[in-house]
Protein chains: 2
Amino acid sequence: MKVTINDVARLAGVSMKTVSRVINKEPSVRKKTYDTVMDAVKELNYQPNLAARNLAGTSSFTVGLVYDNPNAYYVIDMQNGVLSRCKDEGYELVIHPCTYTDANMKDEFITMIKRSRLAGLVLTPPLSEQSSITNLLDELNIHYVRVLSGRPSDDDQDTCIYVNDYKAAYEITTHLLTHGHENIGFICGDKEHKSTSERLEGYKAALADHHKEFDKRFVYDGKYSFESGVEGAKHLLAENNTLAITAILGGNDEMAAGALFASRLMGIAIPEQLSITGFEDSPFSRQTWPKLTTAHQANDVISQHAARLLFTKTRGARNQDKDIITSFTPSIVIRESSGPKQ
Amino acid sequence: MKVTINDVARLAGVSMKTVSRVINKEPSVRKKTYDTVMDAVKELNYQPNLAARNLAGTSSFTVGLVYDNPNAYYVIDMQNGVLSRCKDEGYELVIHPCTYTDANMKDEFITMIKRSRLAGLVLTPPLSEQSSITNLLDELNIHYVRVLSGRPSDDDQDTCIYVNDYKAAYEITTHLLTHGHENIGFICGDKEHKSTSERLEGYKAALADHHKEFDKRFVYDGKYSFESGVEGAKHLLAENNTLAITAILGGNDEMAAGALFASRLMGIAIPEQLSITGFEDSPFSRQTWPKLTTAHQANDVISQHAARLLFTKTRGARNQDKDIITSFTPSIVIRESSGPKQ
DNA sequence: AGTTAGAATGACAACGCTATCAACAAGCTA
DNA sequence: TAGCTTGTTGATAGCGTTGTCATTCTAACT
């Protein structure tokens, strides 16, 4: 039942160290030896024991995923992405949800690190934006990869995967502008999240490129929540829509859904009288009626690349993964909630 | 930096085996010795190395969570519950999402088992309802705990945590009945899910206890999705509501949200003209307007108990956990989407 | 006091793998 | 041909824990 490296070695007629070399893709193994060993591995359906590898080796086969994000859809997507990559590469994933406070963070990390040495951590927003965390990890000498909202130039490419919310917001705003909308509202998410400012900047840039002046009356400060979307729409469309808004950009799908709901209650036809767009392409955007035009963020793919980036760090120079994408731009998905200005 | 069992032993002036006995709460350790060791453990902030424990011991400190559920909220809740318990008890959690097919299931499990010996698995619905899976696990001799929709008497208490959807549906239906509703529609979830039949049975039982005859025209077969809720409401309220329905029970929050949306489009006032209730108390139920009356399912608590039940199995007779709850009944949460018949 | 069961403790060998370093083979240079 | 480098392989010692079994202590008996 339990197949060990020795069984493989015996069958292949080599030493156990050679088998170890083969399964770790170390250099200096003759092609023929490699094949013999691989045949034995397959024949016995050998799976290296993770605990033993972690215990014996200098590098670990365990990575951690840390999240502090209320959005379950987001978390699951990120997790699935990292997980699928781990599975492919024989790594194990330790999940670590946590509500961020400087105080308990340190202890938690240290405990986690001590319990099982980690190859590294994948940090997701908004945790990934906290410099106190990255400082702590630097101090503890733990590898990490951050998924961040931002533009590629910002920071170092070795530790970050960027999601170009700026560009996506620029494009979605442009989409609305080219469809004749002149007065476009924007419902912002939490001020503390970097994605909020990035998306707002993209919105502003698109307006500027279309020679429209930015007017802060068109912006509502929300909270990335449904309620906040409801409030935002109410606010922007107040007093019989004196601002003559014909389109609203939601900072995320949840807020867009809220805005959509509020608009309906006000008797506004979507998309005839008002176009509404979301952000993220979460299941949310398909559970509204009409479905939301939004920016599709391939979170699972993003997190897969984050994992790959992390793996390259522990594996050292050998076995580098050259095809890692470190910058993603969400792409617009046009659905029924937006249309030309009428 | 790295503290091992030997460091603790040295500081406490005992052998490393005694330290091992203490941290594993084995019997036959003098109280005084125990305290001395624990002091040393605390002073050095010692954390047993998981890889070493898993490698050396007969019992494993790793449990697996297997899910095949499209509902991210549900999965996250279950995961968090198991995770929090694992953290408390020094276990590690390996997550295993999978789309169920008899064929690849076996291979996946075997790989997973071989890679790291598992203390056991927590199976969540709908996977937990597949007898082919439990048979496979029995065959592989792997411990497991199932979270299931059902009533306590159904099966053995050693391997199952029951969620009494029957009773919850009974209560929510009774709630509507006692508020004067006579014609209550029911939008069912997927036929294959046990929760669907359990909830339907509860609905029927409540009607029966109020001397109302069950009429299958009041039931719509849906799919646990938003769209399905929309369709369900349209269907039930068709032709100017010839059935004179004044309340609709959604099989889950998502469908209830769909039903609510559809009703609004038909110009029906909620809850004045129609009461709508959901099931699960997912964030969904708070993201509709008005908020949904629903049945609160404490998924995190449920999964915590599932984890505890699993732990007792590997730990053997010693250190039994006696306070495990194996049956949960969701409790009604009354919000604005339901009210007395008018 | 002497005996003894049983509790408390420790020495040491696993667990399955990787790292180190030594050994050997093959191909080169002088 | 000797001497060297480079490429390929293997013997052996850990990694940090638990399991086994032997040993020592304790307390309750004759």
Side-chain angles (χ1 to χ4, degrees), chain A residues 1-10 12-37 40-41 44 46-62 90-92 113-117 119 314-316 318-319, chain B residues 1-10 12-37 40-41 44 46-62 90-92 113-117 119 314-316 318-319:
Chain A
M1 176 69 203
K2 197 183 289 172
V3 181
T4 75
I5 201 170
N6 271 308
D7 300 322
V8 178
R10 209 171 305 123
V14 297
S15 79
M16 123 189 146
K17 177 66 218 191
T18 299
V19 177
S20 170
R21 285 197 180 91
V22 170
I23 61 175
N24 288 298
K25 300 206 201 323
E26 287 178 31
S28 300
V29 175
R30 210 190 305 273
K31 176 78 169 66
K32 203 181 147 216
T33 315
Y34 181 91
D35 292 339
T36 316
V37 171
V41 166
L44 298 175
Y46 168 67
Q47 287 290 337
N49 178 303
L50 250 155
R53 289 182 111 174
N54 281 337
L55 185 57
T58 51
S59 69
S60 149
F61 286 84
T62 302
Y91 278 71
E92 182 153 328
I113 299 320
K114 282 195 175 174
R115 277 242 265 269
S116 37
R117 191 159 32 76
T314 13
R315 279 196 298 237
R318 71 189 183 217
N319 289 108
Chain B
M1 175 70 202
K2 197 184 288 173
V3 181
T4 76
I5 200 169
N6 270 308
D7 301 320
V8 179
R10 208 171 306 124
V14 297
S15 77
M16 94 192 164
K17 179 66 221 193
T18 298
V19 177
S20 171
R21 285 197 178 92
V22 170
I23 61 175
N24 288 298
K25 300 206 200 321
E26 287 177 30
S28 298
V29 176
R30 208 187 305 274
K31 176 77 170 66
K32 201 180 147 217
T33 315
Y34 181 91
D35 291 339
T36 316
V37 171
V41 165
L44 298 175
Y46 166 68
Q47 287 290 337
N49 178 304
L50 250 157
R53 290 182 112 173
N54 281 337
L55 185 58
T58 52
S59 69
S60 149
F61 286 84
T62 302
Y91 278 71
E92 182 154 329
I113 300 319
K114 282 194 177 176
R115 278 243 264 269
S116 36
R117 191 160 31 78
T314 12
R315 279 197 298 239
R318 71 189 182 217
N319 289 105

So does B:Thr58 get a side-chain nitrogen or oxygen closer than 4.0 Å to the phosphate oxygens (OP1/OP2) of D:dG19? yes

Shorter than 3.5 Å, N or O on both sides, protein versus nucleotides 7-9 of chain D: list them out with atom names.
residue: D:dT8; atom: O3'; partner: A:Arg30; partner atom: NH2; Å: 3.3
residue: D:dT9; atom: OP1; partner: A:Thr33; partner atom: OG1; Å: 2.5
residue: D:dT9; atom: OP2; partner: A:Arg30; partner atom: N; Å: 3.1
residue: D:dT9; atom: O4; partner: A:Arg21; partner atom: NH2; Å: 3.3

Check the distance between D:dG16's C1' and A:Arg53's CZ and give it to me in whole angstrom. 19 Å

Between A:Asn54 and C:dC17, does any side-chain N or O lie under 4.0 Å from OP1 or OP2? no

For residues B:Thr36 and B:Arg30, determine if any side-chain heavy atom of one lies less than 4.5 Å from a side-chain heavy atom of the other. no

Do you know which two heavy atoms are closest between A:Thr62 and A:Tyr91, and how far apart they sit? N-CD2, 4.1 Å

Please report, rounded to the nearest Å, how far the C1' atom of D:dG14 is from the CG atom of B:Asn49. 14 Å

Rounded distance (Å) that lies between atom P of D:dC15 and atom CD of B:Gln47: 20 Å

Please tell me which of the listed nucleotides, D:dA13, D:dG16, D:dG14, lies nearest to the side chain of A:Ala56? D:dG14

Would the base of D:dA11 count as contacting A:Lys17 through its side chain, where contact means a donor and an acceptor less than 3.5 Å apart? no

Does B:Ser20 make a side-chain N or O approach to OP1 or OP2 of D:dT18 shorter than 4.0 Å? yes

Exam field: side chain A:Arg21 to backbone A:Tyr34, donor-acceptor pair closer than 3.5 Å: no

Quickly work out the B:Glu92 CD to D:dT17 C1' distance and round it to whole Å. 15 Å

Just how far, in rounded Å, is P of D:dG16 from CG of A:Leu55? 7 Å

Please report, rounded to the nearest Å, how far the C1' atom of C:dT18 is from the CZ atom of A:Phe61. 9 Å

Name the nucleic acid region contacted by A:Lys2, choosing base, sugar-phosphate or nothing; use a 4.0 angstrom heavy-atom cut-off, strictly under. sugar-phosphate

Do A:Arg53 and A:Ile5 make a side-chain contact, defined as non-hydrogen atoms from C-beta onward lying under 4.5 Å apart? no

Nearest-Å distance for atom pair CZ/C1', residues A:Arg117 and D:dT17: 14 Å

Is A:Val14 close to A:Val19 at the side-chain level, that is, under 4.5 Å between some pair of heavy atoms? yes

Using a strict cut-off of less than 4.0 Å between a Lys/Arg side-chain nitrogen and an Asp/Glu carboxylate oxygen, indicate whether A:Asp35 and A:Lys32 qualify as a salt bridge. no

Under the 3.5 angstrom rule, does the side chain of B:Ser116 hit a backbone N or O of A:Leu50 as a donor-acceptor pair? no

In whole Å, I'd like the distance from the CG atom of A:Leu44 to the C1' atom of C:dG16. 15 Å

